[in-house]
Amino acid sequence: MTEPIISLDAHWQPASLLTLPAALSPWLLEQASLTARLKRHCQHFRVQVLHEANCSLPDFLRPLLGNAEQALLREVILWCNDKPCVYAQSWLPDTTIEKLTPLAQLGERPLGDYIFQHQGLRRGSIEATQLDVLLPQFHIATRCFTRRSVFQLQDMPLLVSEAFLPAISHLTEAVA
């Protein structure tokens with residue numbers, strides 16, 4: 001079984017009920033595309049795919065995704081101005097991939113660019129937690145606020161989680 005780089009097995013709560021750092025709150029509570037927001041706050045945006053593989057969906061995530069057993073795991077870093085700002089982990093069940101095949105062929109295209117162009121997209125509630133993020137290749141070992149949402153695209157579920165890395169503070173300071 002392929003394991004994700006960062007485990008999402010944590011205590012998640014509705015983000016609206018948490019006391020969030022003022023600088024991070026607008027990012028964590030963003031209902032629209034995080035990708036679009038990042039692009040508005042930096043000169044140079046890019047996606048780096050860290051890992052992408054078909055694997056068994058962890059038991060704790062299955063209830064969120066219609067009890068699917070297999071999924072495409074996609075892990076990326078969203079870079080702004082050459083700084084790693086967000087680690088994103090997406091779980092796309094096989095049934096979702098079968099109906100929405102372009103999701104399996106994103107490469108370095110942001111998932112947000114694809115899903116937010118569809119009018120029928122529905123976002124579930126935004127939940128948040130803090131996760132220990134260890135990304136030694138980027139010299140990152142810290143506890144990060146992380147959010148997740150289950151999206152429905154053409155009635156097919158997908159889970160997107162985003163950990164806000166320390167460099168995000170450079171973007172919030174730039175627009176403050």
Side-chain angles (χ1 to χ4, degrees), residues 1-10 12-17 24-42 45-80 85-129 131 144-165 168:
M1 175 176 151
T2 301
E3 294 290 328
I5 296 168
I6 296 168
S7 173
L8 300 179
D9 194 0
W12 294 87
Q13 300 177 65
S16 59
L17 300 181
L24 272 183
S25 184
W27 296 94
L28 283 157
L29 300 175
E30 176 66 62
Q31 289 287 329
S33 169
L34 179 63
T35 298
R37 184 183 183 97
L38 289 166
K39 287 178 177 180
R40 287 192 308 269
H41 286 82
C42 70
F45 174 87
R46 70 181 173 95
V47 174
Q48 178 183 359
V49 178
L50 300 177
H51 179 240
E52 193 171 84
N54 287 306
C55 56
S56 295
L57 193 62
D59 290 341
F60 70 92
L61 291 179
R62 288 183 183 180
L64 297 174
L65 295 168
N67 290 313
E69 293 185 17
Q70 296 290 311
L72 175 66
L73 165 63
R74 175 178 160 89
E75 296 173 278
V76 302
I77 295 289
L78 305 179
W79 292 78
C80 290
C85 288
V86 175
Y87 160 84
Q89 183 181 118
S90 304
W91 290 90
L92 308 132
D94 284 355
T95 52
T96 299
I97 294 293
E98 288 167 12
K99 188 169 181 180
L100 301 164
T101 54
L103 289 173
Q105 303 155 355
L106 290 171
E108 293 189 348
R109 182 177 175 204
L111 176 64
D113 279 359
Y114 178 81
I115 67 172
F116 279 94
Q117 72 178 349
H118 292 84
Q119 288 187 331
L121 178 69
R122 291 190 324 262
R123 174 184 219 134
S125 64
I126 296 175
E127 296 180 308
T129 193
L131 292 176
C144 297
F145 275 93
T146 305
R147 71 179 195 162
R148 76 177 184 185
S149 292
V150 175
F151 291 89
Q152 296 286 330
L153 185 57
Q154 295 180 17
D155 295 322
M156 303 305 296
L158 57 125
L159 174 71
V160 178
S161 300
E162 297 139 333
F164 294 86
L165 304 176
I168 196 81

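Residue numbers run from 1 in the order of the sequence given.
- Of the residues listed (Leu100, Leu92, Thr96), the one engaging Leu153 in a side-chain contact (heavy atoms from CB on, under 4.5 Å) is Leu100, and it is the only one.
- Between the CG atom in Asp113 and the CZ atom in Phe45 there is a gap of 7.0 Å [rounded to 0.5 Å].
- For the pair His51 and Ile5, the tightest heavy-atom approach, listed with the atom from each and the gap, is CB-CD1, 4.3 Å.
- Rounded to the nearest 0.5 angstrom, Cys85 SG and Trp27 CH2 are separated by 7.5 Å.
- Residues satisfying the salt bridge (Lys or Arg N to Asp or Glu O under 4.0 Å) criterion with Arg37, sequence neighbours excluded, are Glu30.
- Atoms CD and CG, on Glu127 and Leu159 in that order, are 9.0 Å from each other to the nearest 0.5 Å.
- Taking Glu52 as the reference, Arg74 meet the salt bridge (Lys or Arg N to Asp or Glu O under 4.0 Å) condition, with sequence neighbours excluded.
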Any chance you could lay out the side chain to side chain contact (heavy atoms under 4.5 Å, CB included) test for Cys55 and Trp91, step after step, and finish with the verdict?
-> CA-CA 10 Å; Cys55 56; Trp91 290 90; 3.5 Å; yes
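- Looking at Leu38 and Ile168, their side chains come closer than 4.5 Å, going by heavy atoms from C-beta outward.
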Decide side chain to side chain contact (heavy atoms under 4.5 Å, CB included) for Trp12 and Phe60; before the verdict, give the C-alpha distance in whole Å, the side-chain angles of both, and the deciding distance to 0.1 Å.
-> CA-CA 12 Å; Trp12 294 87; Phe60 70 92; 5.6 Å; no
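- In terms of heavy atoms, Gln89 sits closest to Pro4 at NE2-CB, 3.6 Å.
- A heavy-atom distance below 4.5 Å is not found between the side chains of Val86 and Ile77.
- Taken to the nearest 0.5 Å, the CG atom of Leu111 stands 9.0 Å off from the OG atom of Ser33.
- In this structure Arg122 satisfies the salt bridge (Lys or Arg N to Asp or Glu O under 4.0 Å) test together with Asp155, sequence neighbours excluded.
- Two residues are said to be in side-chain contact when any heavy atoms from C-beta on lie closer than 4.5 Å; Ile115 and Leu103 meet this criterion.
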Stepwise side chain to side chain contact (heavy atoms under 4.5 Å, CB included) check, Val49 with Glu108 = CA-CA 6 Å; Val49 178; Glu108 293 189 348; 4.2 Å; yes
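- Between the side chains of Glu162 and Thr146, not a single donor N or O lies within less than 3.5 Å of an accepting N or O.
- Atom OG of residue Ser149 and atom CD1 of residue Ile126 lie 4.5 Å apart, to the nearest 0.5 angstrom.
- Within the 4.5 Å cutoff, the side chain of Ser56 has heavy atoms near those of the Gln70 side chain.
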Could you walk me through whether Phe164 and Leu34 pass the side chain to side chain contact (heavy atoms under 4.5 Å, CB included) check?
-> CA-CA 11 Å; Phe164 294 86; Leu34 179 63; 4.0 Å; yes
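- Pairing each heavy atom of Leu131 with each of Ala10, the nearest pair is CD2-CB, 3.5 Å.
- Taking each heavy atom of Ala104 and Ile97 in turn, the nearest pair found is CB-CG2, 3.8 Å.
- For the pair Ser90 and Val160, the minimum side-chain heavy-atom distance is below 4.5 Å.
- Surrounding CD of Gln13 are more than 12 heavy atoms belonging to other residues, nucleotides or ligands, all under 6.0 Å away.
- Here the side chain of Lys99 pairs no donor or acceptor atom with the backbone of Met156 at under 3.5 angstrom.
- Side-chain contact between Cys80 and His41: absent, with no pair of heavy atoms (C-beta onward) separated by less than 4.5 Å.
- A pairwise comparison of heavy atoms in Leu61 and Arg148 identifies CD2-NH1, 4.1 Å as the closest pair.
- With values rounded to the nearest 0.5 angstrom, Tyr87 atom OH is found 4.5 Å from Ile6 atom CD1.
- Contact annotation: the side chain of Gln152 approaches that of Val150 to within less than 4.5 Å [non-hydrogen atoms, C-beta and beyond].
- Residues Ser16 and Leu29 approach most closely at N-CD2, 4.3 Å, considering heavy atoms.
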